[in-house]
Colleague: 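My questions all concern the structure below.
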Amino acid sequence: MATASAPMQLATASRPLSVSGGGGRGVHVGARGGAAPPTRGQRRLAVRSVASDRGVQGSVSPEEEIPSVLNSIDSSTIASNIKHHAEFTPVFSPEHFSPLKAYHATAKSVLDTLIMNWNATYDYYDRTNVKQAYYLSMEFLQGRALTNAVGNLELTGQYAEALKQLGQSLEDVATQEPDAALGNGGLGRLASCFLDSLATLNYPAWGYGLRYKYGLFKQIITKDGQEEVAENWLEMGNPWEIVRNDVSYPVKFYGKVVEGTDGRKHWIGGENIKAVAHDIPIPGYKTKTTNNLRLWSTTVPSQDFDLDAFNAGDHASAYEAHLNAEKICHVLYPGDESPEGKALRLKQQYTLCSASLQDIIARFERRAGDSLSWENFPSKVAVQMNDTHPTLCIPELMRILIDVKGLSWNEAWSITERTVAYTNHTVLPEALEKWSLDIMQKLLPRHVEIIEKIDEELMNIIISKYGTADTSLLKKKIKEMRILNNIDLPDSIAKLFVKPKEKKESPAELKEKLLVKSLEASAVVEEKPESKVEKNEDSKEVEVVVESKEVVEAENEDSEDELDPFVKSDPKLPRVVRMANLCVAGGHSVNGVAEIHSKIVKEDVFNSFYEMWPTKFQNKTNGVTPRRWIRFCNPELSTIISKWIGSDDWILNTDKLTELKKFADDEDLQSEWRAAKRANKMKVVSLIREKTGYVVSPDAMFDVQVKRIHEYKRQLLNILGIVYRYKKMKEMSAKDRIKSFVPRVCIFGGKAFATYIQAKRIVKFITDVAATVNHDPEIGDLLKVVFVPDYNVSVAEALIPASELSQHISTAGMEASGTSNMKFAMNGCILIGTLDGANVEIREEVGEENFFLFGAEAHEIAGLRKQRAQGKFVPDPRFEEVKKYVCSGVFGTYNYDELMGSLEGNEGYGRADYFLVGKDFPSYIECQKKVDEAYRNEKLWTRMSILNTACSSKFSSDRTIHEYAKDIWDISPVILP
């Protein structure tokens, strides 16, 4: 057994490695994670297991406790443990010890150590019944776990030496791990950074997500651009997860709602599936705290397999129930162009919410024991919704509390509102989710009833605030703030919008009027020629009869007033549920993720809500973990930082990075700094050659833009700038080229969503430009363009430390925050960008002289679009020149009319340059000249690089998590004994 004073005992074929639990508790972890019998002299003890919330029999020697420092474990013991797992945790055939086999055995060895702290952490939370935060997210972009885990456990050196003893290298073994395909972009990467900080800072918190079998997709770049194939990250198994087959919850779809004899609503019938827990340990840095990421897979019981249908040859029908359940967790963000796709996405979101809340509630009830009080739920549970995807937490929590636990509506609403909080991540209208009411009504009938009542109560609050005197204002506020859009107003509210009818003549007045008209008509007839009298007599009689009918109608007319058309839905428009509005109404906190973004949220996106509930809104600028994003991905730079600061305390307290500022002009530091950057660039040279076949020079500036491909992120502006640069080079002599331009390697990476055609055109354009430029002998190493396929966390961990210029050039006001900008700055990369998202705060921190700024500002955008619509925009000649050059065919035979057409015209969908590429192009080109000028001055550039790192302390996710914990979740650090 492992003790505080002795290294772990050698694991042999007959004796698996044992690890101790917390507070005198322990559990034997065998080759498959099972419990081993206690040896002589040991006492048995039941502990709480993260596995199932149930007692697990373990064993521990009386003198054993958790070691406070795990790096006392020697490399020989680790090597033996790895060998044990290679033999007795078989995943591969026993013939040889390949790097892949070594990876799985090493991961299981590390997991042995993690389980010790994992169980201890959970057991301590359980016994002390602390308030716990739960972070619900559709994405967790973890990256590789091995290097992060051994780094956080401070065992990197020991594992490197152990693997060396076994004929392997830690670096090679680590590369065998596929990136977990559980996310796509910044949303998932942020969630993973938060989990790291929560554990490192000892906050009691779990993450909840879905276990996607095929991820988003694996990106392949061909001559036709981007192609998508399914991710295969689980094909060899995931050694970091533990399946909790005894932790599962029922999840229901469809069916109907009935009222029982007990007066409660009951959701019955429909389709029933089972969500099964898969747990992944999240270790903190230099701490025992090891939190949990619980992912749900979906299935149905074996009895749902129709054996009769199968034996009758109807194989598809026999497996239908399993397929319908399992496909929920097949793909991240399945295409939603079809009704089936929309329903599948909604199923995913509800599965995450329902299974997670059932799990949270079960834990709350068990911890409370006999002293259970639902009023205490918000004082023990904080639920954070990462964007609108988990919005169904609100009606689901209400449903459970009312229908299952028997609380009243008011009690349930008070608890829900104090428990749930919402993080907004976008100002793009299409990203503020709106679900079809018809689809939701069919799929989740009980939840629609609850949402309808929340919507009605919200409108009553709006009415109480604004009154009914100014109906125009009231209609405006209801239209903006309602959760249900294009839905008839409830009768109780509709009656407030009565439109009085115009006063009409009484029947008596109308009779008198008609009599006068009749006499006048008779007089006219007598004056007309006889021939016309015959023609008009009948018509006169008809006219009198018709007018007599008017009298009858007037006598029978209903005297009630008319309802304003505002209260009725428009059958020509879709009926939708606005999820963001539900988040704001149902949560106690709404936060943006950068100062400028939070300002836009308050002043624009949710302005009416902000007017009503100003204290509900706050800012929490994003951050990234300095462990993964400096310490582990850039060990060369980390060593230099620790040397010059005098310690590695900056890894936990990034404020200490500011001590580098006083050395920014030191020649020795600058020399070491440049050497570290070059070493990282050499790694990327190899990566680019491996991934694309292109050979690039490490002497060139590495200019990088890596992020999801989207028009607002403006990869198109970047590549058009490169095309302009290339065109100017071609017009010059070789001597003038070298004099005029700094050599650059322009690197792109990112995925375009499979159905986002314009984004895929941009990818195709970039790769076509690369194919032309990179094979142009006149240009050589002066300019290279590279699109790195299948961009993910592992690729980022290589590219970011090597980058010298990074492009964050979104249209101002459209990027919520961004987090890659923070990672680049931390690694001494200089940014070129607009005043958008966290760029604003980065520029404030590093100094405007150390940031390359261009482009229109957020407050100008609406006016610029209006000018464009009025035909007042005059494009820069250089912009017209580059568009013409693209269409000349120099980059191949592909027709770029649609792509270039998006930059033309003054109005129309997909036209009129909505993202202001043309407006910002001249400013961008001029700014790039300043970049070249600065890069030529080696000392100046290095100084700027050092200051970017030194001034990036604000952008640690540790700071962000402290703010969430204090201002939103009301949780405190819990130090394990």
Side-chain angles (χ1 to χ4, degrees), residues 2 7-8 17 19 67-83 85-86 99 102-118 142-177 179 192-193 195-197 199-200 239-240 280-290 624-643 645 647-652 654 676 679-680 683 793-794 796-798 800-801 826-827:
M8 288 188 292
L17 176 68
V19 292
S68 59
V69 180
L70 294 169
N71 58 13
S72 60
I73 303 170
D74 63 73
S75 58
S76 296
T77 301
I78 290 173
S80 297
N81 186 233
I82 293 171
K83 287 174 66 177
H85 280 293
Y103 158 66
H104 278 265
T106 303
K108 287 298 184 184
S109 172
V110 176
L111 191 62
D112 282 349
T113 305
L114 291 179
I115 285 176
M116 172 175 60
N117 284 349
W118 198 15
Q142 292 289 94
R144 289 170 174 158
L146 179 58
T147 51
N148 191 73
V150 297
N152 277 358
L153 291 169
E154 299 181 273
L155 293 173
T156 302
Q158 291 91 321
Y159 269 91
E161 179 59 31
L163 285 166
K164 185 177 180 181
Q165 294 173 23
L166 298 173
Q168 302 285 344
S169 75
L170 177 58
E171 186 175 355
D172 289 342
V173 167
T175 61
Q176 301 299 310
E177 180 179 1
D179 277 35
S192 295
C193 284
L195 292 185
D196 177 87
S197 286
T200 296
W240 301 102
I280 298 174
I282 306 295
Y285 179 70
K286 288 190 176 183
T287 178
K288 299 177 193 177
T289 300
T290 303
V624 300
T625 168
R627 270 74 62 186
R628 183 180 287 271
W629 291 110
I630 310 181
R631 176 65 187 89
F632 303 145
C633 78
N634 199 345
E636 294 87 355
L637 186 65
S638 297
T639 300
I640 293 169
I641 293 171
S642 296
K643 171 188 171 183
I645 288 178
S647 74
D648 63 358
D649 292 348
W650 59 271
I651 302 171
L652 285 171
T654 52
N680 288 319
K683 295 176 187 176
V793 175
S794 296
E797 288 172 344
I800 290 173
M826 281 183 168
N827 282 273

Colleague: Between Lys683 and Glu171, is the closest basic N to carboxylate O distance under 4.0 Å?
Modeller: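 No salt bridge links Glu171 with Lys683.
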Colleague: Could you tell me the separation between the CG atom of Asp112 and the CD1 atom of Ile73, rounded to the nearest 0.5 Å?
Modeller: 10.0 Å
Colleague: Minimum heavy-atom separation for Thr290 to Pro281, with atom names?
Modeller: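 Result for this residue pair: CG2-CB, 3.9 Å.
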Colleague: Do the side chains of Asn148 and Asn152 get nearer than 4.5 Å, heavy atoms only?
Modeller: yes
Colleague: Looking at Val150, Ile82, Leu166, which one forms a side-chain contact (heavy atoms from CB on, under 4.5 Å) with Thr106?
Modeller: Ile82
Colleague: So, for Thr287 and Ala199, which heavy atoms are closest and what is the spacing to 0.1 Å?
Modeller: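 Looks like CG2-O, 3.6 Å.
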Colleague: With rounding to the nearest 0.5 Å, note down the distance linking CG in Leu111 to CG in Leu146.
Modeller: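 Here the interatomic distance stands at 11.5 Å.
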Colleague: Any salt bridge between Asp196 and Arg627, counting N to O under 4.0 Å?
Modeller: yes
Colleague: For Leu153 and Leu114, what are the C-alpha separation, side-chain angles and deciding distance, and is it a side-chain contact (heavy atoms from CB on, under 4.5 Å)?
Modeller: CA-CA 8 Å; Leu153 291 169; Leu114 291 179; 3.6 Å; yes
Colleague: Do the side chain of Asp179 and the main chain of Ser794 share a donor and acceptor less than 3.5 angstrom apart?
Modeller: yes
Colleague: Give, for atom OG of Ser647 and atom CD1 of Ile641, the distance between the pair rounded to the nearest 0.5 Å.
Modeller: 11.5 Å
Colleague: side-chain contact (heavy atoms from CB on, under 4.5 Å) with Ala160: which residues, sequence neighbours excluded?
Modeller: Leu170
Colleague: When rounded to the nearest 0.5 angstrom, what is the spacing between CZ in Arg628 and CG in Asn634?
Modeller: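 One finds 14.0 Å between CZ of Arg628 and CG of Asn634.
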Colleague: Please list, chain by chain and in numerical order, all residues satisfying side-chain contact (heavy atoms from CB on, under 4.5 Å) with Lys286, sequence neighbours excluded.
Modeller: Glu154, Asp648, Leu652
Colleague: Roughly how far, to the nearest 0.5 Å, is CD of Glu177 from OG1 of Thr147?
Modeller: 7.0 Å
Colleague: Using 0.5 Å steps for rounding, measure from the NE2 atom of His85 to the NE2 atom of His104.
Modeller: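 Output value for this atom pair is 13.5 Å.
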Colleague: Can you name the closest pair of heavy atoms from Glu636 and Ala676 and give their distance?
Modeller: CB-CB, 4.0 Å
Colleague: Which atom pair, heavy atoms only, marks the closest approach of Ala79 to Ala162?
Modeller: N-CB, 3.6 Å
Colleague: Return the minimal non-hydrogen interatomic distance between Asn827 and Cys633, and the atom names on each side.
Modeller: OD1-SG, 4.3 Å
Colleague: Run the side-chain contact (heavy atoms from CB on, under 4.5 Å) check on Trp650 and Ser638 step by step: do they pass?
Modeller: CA-CA 10 Å; Trp650 59 271; Ser638 297; 3.7 Å; yes
Colleague: Mark yes or no for whether Thr625, through its side chain, and Ser197, through its backbone, hold a donor-acceptor pair below 3.5 Å.
Modeller: no
Colleague: Does any N or O in the side chain of Thr639 come within less than 3.5 Å of the main-chain N or O of Pro635, such that one atom is a donor and the other an acceptor?
Modeller: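 Looks like yes, one N/O pair under 3.5 Å.
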Colleague: What verdict does the side-chain contact (heavy atoms from CB on, under 4.5 Å) test give for Gln142 and Trp240, after you've listed the backbone C-alpha separation in whole Å, the side-chain angles of each residue and the deciding distance to 0.1 Å?
Modeller: CA-CA 12 Å; Gln142 292 289 94; Trp240 301 102; over 6 Å; no
Colleague: Determine whether Tyr103 and Leu163 satisfy the following criterion, side-chain contact (heavy atoms from CB on, under 4.5 Å), listing intermediate values before the conclusion.
Modeller: CA-CA 10 Å; Tyr103 158 66; Leu163 285 166; over 6 Å; no
Colleague: Can you give me the closest heavy-atom contact between Thr200 and Tyr285, atom names plus distance?
Modeller: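 Looking at all heavy atoms of both residues, the shortest contact is OG1-N, 3.1 Å.
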Colleague: Where the side chain of Gln168 meets the backbone of Val173, is there a donor-acceptor pair that is under 3.5 Å apart?
Modeller: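 No, Gln168 side chain to Val173 backbone: no donor-acceptor pair under 3.5 Å.
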Colleague: Suppose we screen for side-chain contact (heavy atoms from CB on, under 4.5 Å). Which residues come up paired with Lys164, at least two apart in sequence or across chains?
Modeller: Glu161
